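First the structure, in the form of structure tokens, and then the observations on it.
Counting starts at 1 for both ligands and their atoms, in listed order. Everything quoted here is computed from the prediction, not taken from an experiment.
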Amino acid sequence: MFTKARIKLTIWYSFIIMLISIVFSMAIYALTAREVERGFRRVHMFMQPPPRQQALINLNPELEQDLNQVKENLILNLVLINGFILLLSAGSGYFLAGQTLRPIQKALEDQKRFVADASHELKTPLTSLKTSIEVALRDKKLTKSKAREVLAENLEDIDSLDKLTAVLLDLTNYQDNGSSLVFEEKKLSPILQKAAARIKLLADKKGVEVKTSLTKPDLKARINLQTFTQMLLIFLDNAVKYTPKGGKVTVTLESKKDVLIMVKDNGIGIAKKHLPFIFDRFYRVDQSRSKQNVPGFGLGLSLAQKIIKLHSGSIEVKSRPGKGTSFIIKLPKN
Ligand code: ADP
């Protein structure tokens, strides 16, 4: 598909360049031929005895022949130059068409991979739902309590589907430059406190401590409250998810050249080889183990990174397996 488009674009580029070149060549030919002819007539006139007016009308046959020869040479040179321009424009057109199409091709491939991955993730809970319903329907001795059990399992799968579609929708919505979001100057520490309090419920259940250390309580930044909170919850939720019982999660807020927010844990950590990929969509460090032990789709960090970009910020990660992970979010001051 892209090779065809590239060839088509090359033809169009070459056609336009050749059209311009031919029009120019015709103009050059007309002007040059006129000047040369004028020169020939002048020479011819000086070769004639006076009165010389007659000489202006007709050239002698030898000069006429020379003039025609010059015109023919001119045409030949212009044809050669145009041939060279055609070759050059076809070559550079092919190269430029490739350059133009490459980002489109990459975006399309990304999109395809995204749809394939998303469909795969959607298929898993759907298959599980279908199987459990089919088995329950086939069971002639299905008791009320067993039916309840099946329905509870189904609800879990539906919850999972619901979460996945919500994240997929968010990812698509934040794809643009976030022009529809409202950004306001806000004090950050109450927002961090609130997010930490929300995650504390989950952390308490797991026996993980959540602490905040907000040295600059009045520090402000331009944020969109809803997406900013969503981003904080992703980091906090991960920190709790990937920290074993008895571990600790700390949220800090500092003011340096930028506003620095750090979510630090002393959990399982991430091996160096995985670090470059953790922000990729659907990337999970240990697919099989993560899926069994820790729920998730590998979309959280990708979404968080998008939100940070919408805030013109950046993200840094430091991690050591077995020691813990720190995510440092940098936001511009004002
Ligand atoms: P998931 O839904 O799997 O948590 P994320 O996109 O949020 O997806 O994270 C991608 C992967 O990065 C996770 O599967 C996990 O392996 C790793 N990860 C993220 N945060 C942490 C953390 N705080 N500690 C250890 N590993 C983490």
Exercise. Where on His274 is there a heavy atom closer than 4.0 Å to ligand 1, on the side chain, on the backbone, on both, or on neither?
Worked result: neither
Exercise. Applying a 4.0 Å heavy-atom criterion (strictly less than), which segment of Asp265 is in contact with ligand 1: side chain, backbone, both, or neither?
Worked result: side chain
Exercise. Taking the minimum heavy-atom distance to atom 11 (C) of ligand 1, which of Phe279, Phe297, Tyr283 ranks first?
Worked result: Tyr283
Exercise. Going by atom types alone, do Arg102 and Gln105 pair a side-chain donor with an acceptor below 3.5 Å?
Worked result: no
For this session: Mark yes when over 12 heavy atoms from residues, nucleotides or ligands other than Phe84 sit less than 6.0 Å from its CZ; otherwise mark no.
Result: no
Exercise. Under 3.5 Å, is there a donor-acceptor pair linking the side chains of Thr227 and Lys306?
Worked result: no
Exercise. Quick one: does Ile261's side chain get under 4.5 Å of Phe235's, heavy atoms only?
Worked result: no
Exercise. At under 4.0 Å between heavy atoms, which part of Val285 makes contact with ligand 1: side chain, backbone, both or neither?
Worked result: both
For this session: Tell me whether the centres of the aromatic rings in His311 and Phe183 are closer together than 6.0 Å.
Result: yes
Exercise. Looking just at side-chain N and O atoms, do Asp280 and Ser302 make a donor-acceptor pair shorter than 3.5 Å?
Worked result: no
Problem set entry | Heteroatom proximity flag, Arg284 to ligand 1, N/O under 3.5 Å | yes
Problem set entry | Polar side chain donor-acceptor pair, Gln230 to Asp170, under 3.5 angstrom | yes
Problem set entry | Interfacing atoms of ligand 1 (cut-off 4.0 Å, heavy-atom, Lys241) | 1 (P), 2 (O), 4 (O)
Exercise. Mind checking whether Gly300 has an N or O less than 3.5 Å away from an N or O of ligand 1?
Worked result: yes
Exercise. Step by step, would you call Lys333 with Ser255 a side chain to side chain donor-acceptor pair (under 3.5 Å)?
Worked result: CA-CA 9 Å; Lys333 279 186 182 165; Ser255 169; 2.8 Å; yes
Exercise. Heavy atom of Gly298 under 4.0 Å from ligand 1?
Worked result: yes
Exercise. Between Leu301 and ligand 1, which part of the residue brings a heavy atom under 4.0 Å of the ligand: side chain, backbone, both or neither?
Worked result: both
Exercise. Is there side-chain contact between Glu37 and Leu67, with at least one heavy-atom pair below 4.5 Å?
Worked result: yes
For this session: Give the numbers and elements of all ligand 1 atoms closer than 4.0 Å to a heavy atom of Leu299.
Result: 6 (O), 8 (O)
For this session: Could you list the atoms of ligand 1 found under 4.0 angstrom from a heavy atom of Ile278?
Result: 10 (C), 12 (O)
Problem set entry | For Gly296, the ligand 1 atoms whose distance to one of its heavy atoms is below 4.0 Å | 2 (O)
Problem set entry | Residue-ligand contact Phe327/ligand 1, heavy atom below 4.0 Å | yes
